[in-house]
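Basis for what follows: all heavy atoms, side chains included, without hydrogens, waters or symmetry-related copies. Since we're looking at a predicted model, the values are computed, not measured.
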Amino acid sequence: MQPHLLRFLVTILCLSNTLLFAQDYFLESYQPFDTSIPSPEEFLGYPIGEYHTRHDLVVAYMYTLAELSDKAAVTVYGKTHENRKLLILQIGSPENLKNIEELKKKHLEVVDADKDVQDFSGLPLFVNLAYGVHGNEPSSTEAAMLTAYTLIASQNEKVVSYLDEVIVFLDPTINPDGRDRHSNWANSYRGNPLIADKYDIEHNEAWPRGRTNHYWFDLNRDLLLGVHPESQGRLDWYHDWYPNVVTDFHEMGTNSTYFFEPKNKSASVKPITPAENRDVLNKVFAEQYAADLDEIGSFYFTDEIYDSTYPGYGSTYMDLQGSLALLFEQASSRGHLQETSTGVISFPFTIRNQFVSSMATVKAAIANKDLLYNYQNEFFKKARQKGASSKVKGYVFGDSLDQHRNKAFIDVLLQHRIEVYPLSEKTTVNGVNFDKGSSYVVPANQKQYYMVQSLFETYESYRDSVFYDTSAWSMVNFYNLKYKPSGKLPSYGERITEETNQIQVQQFVKSDYAYLIPYDSYYAPALLHDLENHGLVVKVSTKPFTSNIGESQRRFNRGALLVPVEDQFEIPAATVHELVEEASQKYKIEAFPVNTGMTVGGNGLGSRSFQTLVKPSVMMIVGGTVSSYEAGEVWHLFEDRMNMPVVKVPESRLYLTDIYRYNVIIMVSGNYRLLNKREKERLSKWVGDGNTLITTGKASDWAIKQKIVEEELFGKMPDSVSKGERSSYESARGTLRKHNIGGAIFEVDLDLTHPIAYGYHSKKVPVYKNNRVWIKPSKNRFSTVAAYVEDPHVDGYISSENLEIMKQAASIVVSKKGKGRVVLFADNPNFRGAWYGTNKLFMNAVLFGHLIKVPQ
């Protein structure tokens with residue numbers, strides 16, 4: 001018998017024995033248990049690790065624990081896009097849970113920047129054990145059930161004593177939608193007997209896989225951005241409680257082992273998070289993890305790979321709130337049993353490591369109570385002191401034409417409990433004017449100064465050139481807002497709250513002639529679709545003009561919408577008024593009645609400069625080799641923001657699809673290997689017949705290489721190490737990967753006269769780039785909509801070689817093909833659902849693409 005086969009059979013036998021005695025495998029050291037409390041195995045009807053547990057069963061078990069024990073209580077903090085509950089199981093001694101509101105009040109005094117608490121006696125620690133932000137990293141949620149059961153049901157003296165010292169807030173599943181997607185897959189294809197072969201379908205989920213949420217977003221990147229209900233609920237909960245410790249349990253590659261913090265020192269030269277967090281708190285907790293994992297014989301590593309720079313991870317965000325946030329990574333079985341380079345790994349084994357680390361976190365917290373509370377007591381005081389001593393006293397920002405982007409950014413500031421105030425008078429900062437009524441200031445001297453730094457400051461120097469993820473997150477740039485740091489605070493009014501951060505629009509009288517609607521607002525595309533969807537004929541102005549509105553004159557910019565009253569296919573004037581009024585109120589965009597086609601300046605309303613719009617019918621190719629992240633971003637933009645439908649057709653089924661049902665097709669990044677020559681030719685003909693193809697990122701690269709368009713790419717960048725030059729083997733990773741663009745912000749020059757740019761008023765616009773797609777400016781001098789400026793860097797890392805290419809490249813090109821056109825975005829205008837500043841460029845391609853007649 002071959003050695004590897006013998007090892008495999010031994011592992012199978014061990015696993016079978018493990019499943020028979022699953023409870024002891026995990027819980028033996030915490031005996032005895034209260035028999036009135038059902039174990040996960042007793043409740044589910046199978047041992048932990050034998051199946052992947054659905055979210056509804058996890059929720060039901062949490063409620064059962066709360067119903068049967070006075071050591072537990074359930075609170076719901078939100079619901080997912082698919083209406084699944086997001087909940088916290090509070091675990092503590094009966095006395096502590098009974099007095100939890102009073103204990104919370106005392107705990108919040110510790111984090112109050114205006115109070116100095118020295119006596120922590122009688123005050124338990126607050127520990128948030130959070131699991132499962134990635135749906136197909138399932139071991140953590142199974143470990144959550146074991147942890148909850150152990151803390152509640154164990155009658156072991158040491159466990160009982162824990163609950164006098166700590167209140168645990170256990171969040172079993174941060175991403176229920178993704179978890180159920182993966183659980184159903186793994187359970188559906190589970191072998192009997194179990195199959196460890198890595199090529200088996202059980203270990204290879206279909207697109208889009210279970211990592212992401214409903215809209216295919218990575219929720220572990222969303223805490224800073226706060227786009228989704230899962231993150232919004234977590235943020236509200238965090239800022240309501242400010243726990244001392246927060247965990248973030250993950251999985252990684254099958255052939256790895258186990259990781260716990262501290263993380264690698266990488267990326268930022270001067271991380272915002274205080275050094276004490278990593279160098280002191282992480283170290284004492286690491287000692288506990290090492291000891292407990294050594295006890296069960298698990299291998300692990302630490303102080304490598306993962307970065308602590310980006311403040312939007314579950315393992316970093318609360319580091320900027322005075323907590324200790326902790327990352328764990330477990331090698332994944334990606335199913336129930338899978339082969340590795342050193343044998344096989346079982347689902348129960350992966351769960352055990354997560355369970356051991358969960359209990360170790362509780363023990364380490366209790367052992368370091370004074371250290372944690374003293375750190376938290378000083379955290380916001382020190383943050384405010386740094387803000388007070390900063391040369392920058394505040395950041396002034398605002399857009400005078402689009403209150404919706406102002407409001408959306410302020411919503412983010414408020415979500416992070418950042419103080420923001422309206423300017424009380426017109427202010428000039430470093431030569432830039434900011435108007436009262438549409439401009440705001442964020443003072444540096446506030447307890448959330450670290451978050452202020454994160455959202456406003458930009459960087460160009462880094463510790464190294466290899467990033468785990470994005471290297472830029474100055475969110476004020478995401479929103480394309482004019483802003484300036486100020487050495488002194490301008491005059492400002494009352495602090496803005498969620499209640500006061502609202503937009504109001506006036507109702508307007510009925511017109512028998514027409515209505516004019518500015519296109520400056522972020523939500524103008526949504527309003528336009530709403531009107532078209534109700535059957536109204538809508539025109540768009542291709543030139544600016546000025547009209548009399550009541551007693552005053554108003555300038556309308558390119559993109560302004562004209563809704564005629566008479567030319568509406570028998571829709572009565574009263575109905576036209578009602579539809580325009582409803583859309584105006586729904587999207588908070590002013591509409592203006594006019595009773596004459598005469599204008600004060602510019603062309604009259606009957607001019608050919610007003611073009612009749614065609615309602616888009618939009619399809620997007622998904623699945624197969626397409627980026628699920630970018631496809632999800634488009635899906636979310638259409639549905640959640642613009643209330644527009646987008647038909648999602650799998651790449652593998654395009655050949656069955658009548659593409660002539662659609663006048664717009666979207667292709668996001670992907671290599672589109674499943675499209676054969678016939679389908680490429682059919683797509684090319686469809687464009688030539690007068691339709692609009694929109695490509696982003698690597699799909700633009702694909703369209704050029706497949707000769708769908710007659711545009712060109714810059715050639716491959718030379719290797720950073722010339723042939724014959726000798727380098728150390730150890731430096732290979734950093735040398736070869738330094739040209740990757742993990743994500744950075746750059747500035748482009750925008751042609752404001754182009755339909756793609758309608759609604760924009762500054763030629764300089766920040767864009768987000770996380771690829772190396774370099775499009776040459778079009779040979780047609782009218783077709784380069786946006787090109788990178790001479791000095792394009794705004795924020796984030798880029799190699800000098802890439803920067804030189806960028807200076808010559810185009811960001812947006814519209815390429816004519818027959819009667820149609822292809823809109824090529826080199827960048828990602830919809831990145832992570834947070835790029836309000838470039839979303840409209842993308843929506844304009846959808847709504848106005850048919851207007852583009854590329855001159856020769």
Side-chain angles (χ1 to χ4, degrees), residues 218 221 224-225 266-269 305-307 309-310 312-313 458-475 477-478 480 627-630 633 668-671 695-702 704-705 713-721 731-749 765-777 786-813 824-835 837-838 841-842:
D218 186 336
R221 308 298 189 269
L224 184 70
L225 313 177
S266 63
S268 292
V269 175
I305 302 176
Y306 303 100
D307 78 73
T309 304
Y310 173 61
Y313 302 132
T458 60
Y459 302 91
E460 57 184 19
S461 298
Y462 298 89
R463 186 184 300 274
D464 59 39
S465 58
V466 178
F467 289 82
Y468 184 75
D469 192 50
T470 182
S471 65
W473 47 85
S474 50
M475 285 191 67
N477 287 302
F478 289 29
N480 186 26
S627 166
S628 59
Y629 290 149
E630 290 193 24
E633 289 158 4
V668 300
S669 287
N671 57 40
T695 61
T696 64
K698 293 179 182 177
S700 297
D701 181 275
W702 177 88
I704 294 171
K705 288 179 177 176
L713 298 164
F714 282 97
K716 183 180 178 182
M717 183 172 54
D719 292 337
S720 60
V721 180
S731 69
R733 178 175 177 267
T735 300
L736 297 176
R737 291 184 61 186
K738 77 172 188 176
H739 295 304
N740 291 348
I741 302 177
I745 303 171
F746 306 96
E747 191 171 69
V748 300
D749 180 87
V765 175
V767 300
Y768 187 86
K769 191 169 192 67
N770 60 345
N771 61 47
R772 288 164 59 188
V773 176
W774 305 115
I775 302 175
K776 290 185 176 180
Y788 302 102
V789 299
E790 186 174 344
D791 182 16
H793 180 268
V794 175
D795 190 18
Y797 172 79
I798 183 172
S799 70
S800 57
E801 293 89 344
N802 276 324
L803 189 59
E804 288 306 309
I805 296 176
M806 175 176 279
K807 293 176 180 179
Q808 309 169 59
S811 176
I812 307 172
V813 168
L824 302 148
F825 289 86
D827 310 312
N828 181 1
N830 307 311
F831 182 69
R832 292 182 180 167
W835 270 85
T838 50
L841 295 172
F842 185 82

R221 backbone acceptor or donor facing Y310 side chain under 3.5 Å: yes
Please identify each residue that fulfils side chain to side chain donor-acceptor pair (under 3.5 Å) with E630, with sequence neighbours left out. S669, T696
Of all the heavy-atom pairs spanning S474 and T458, show the shortest one and how long it is. OG-CG2, 3.6 Å
If I take atom CD1 from residue I775 and atom CD1 from residue I704, how far apart are they, to the nearest 0.5 angstrom? 4.5 Å
Please give me the minimum heavy-atom distance between K807 and P792, naming the atom from each residue. CG-CD, 4.0 Å
Assess whether side chain to side chain contact (heavy atoms under 4.5 Å, CB included) is satisfied between F478 and I745, documenting all intermediate values. CA-CA 9 Å; F478 289 29; I745 303 171; 3.9 Å; yes
R772 side chain reached by N740 side chain, heavy atoms, under 4.5 Å: yes
Could you give the distance from CG (N477) to CD (E747), rounded to the nearest 0.5 Å? 9.0 Å
Nearest-0.5 Å distance that lies between atom CH2 in W835 and atom CG in N480: 8.5 Å
Between CD of Q808 and CG of L803, what distance do you get to the nearest 0.5 Å? 10.5 Å
Heavy-atom nearest pair, Y768 first then N770, reads CE2-CB, 3.7 Å
Using a 4.5 Å cut-off on heavy atoms from C-beta on, say whether the side chain of L225 contacts that of W473. no
Minimum heavy-atom separation for N771 and I741, please, with both atom names. O-CD1, 3.4 Å
Are any side-chain N or O atoms of S471 and backbone N or O atoms of G743, one a donor and one an acceptor, separated by less than 3.5 Å? yes
How far does NZ of K705 sit from NZ of K698, to the nearest 0.5 angstrom? 10.0 Å
Which heavy atom of W702 sits nearest to which heavy atom of N671, and what is that distance? CD1-O, 3.4 Å
Mark yes or no for whether S799, through its side chain, and N802, through its backbone, hold a donor-acceptor pair below 3.5 Å. yes
Minimum-distance pair of heavy atoms, taken over all atoms of H793 and F746: CA-CD2, 3.8 Å
Taking only distance into account, with no hydrogens and no angle test, what donor-acceptor pairs under 3.5 Å do side-chain atoms of residues 825-832 form with protein atoms, sequence neighbours excluded?
unit_1 : atom_1 : unit_2 : atom_2 : d
D827   : OD1    : K769   : NZ     : 2.9
D827   : OD1    : Y788   : OH     : 2.6
D827   : OD2    : Y788   : OH     : 3.0
D827   : OD2    : S811   : OG     : 2.6
N828   : OD1    : N830   : N      : 3.0
N828   : ND2    : E633   : OE1    : 2.9
N830   : OD1    : N839   : ND2    : 3.0
R832   : NH1    : D469   : OD2    : 3.2
R832   : NH2    : D469   : OD1    : 3.0
R832   : NH2    : D469   : OD2    : 3.2

Considering only heavy atoms from C-beta outward, does the side chain of V813 approach that of P777 to under 4.5 Å? no
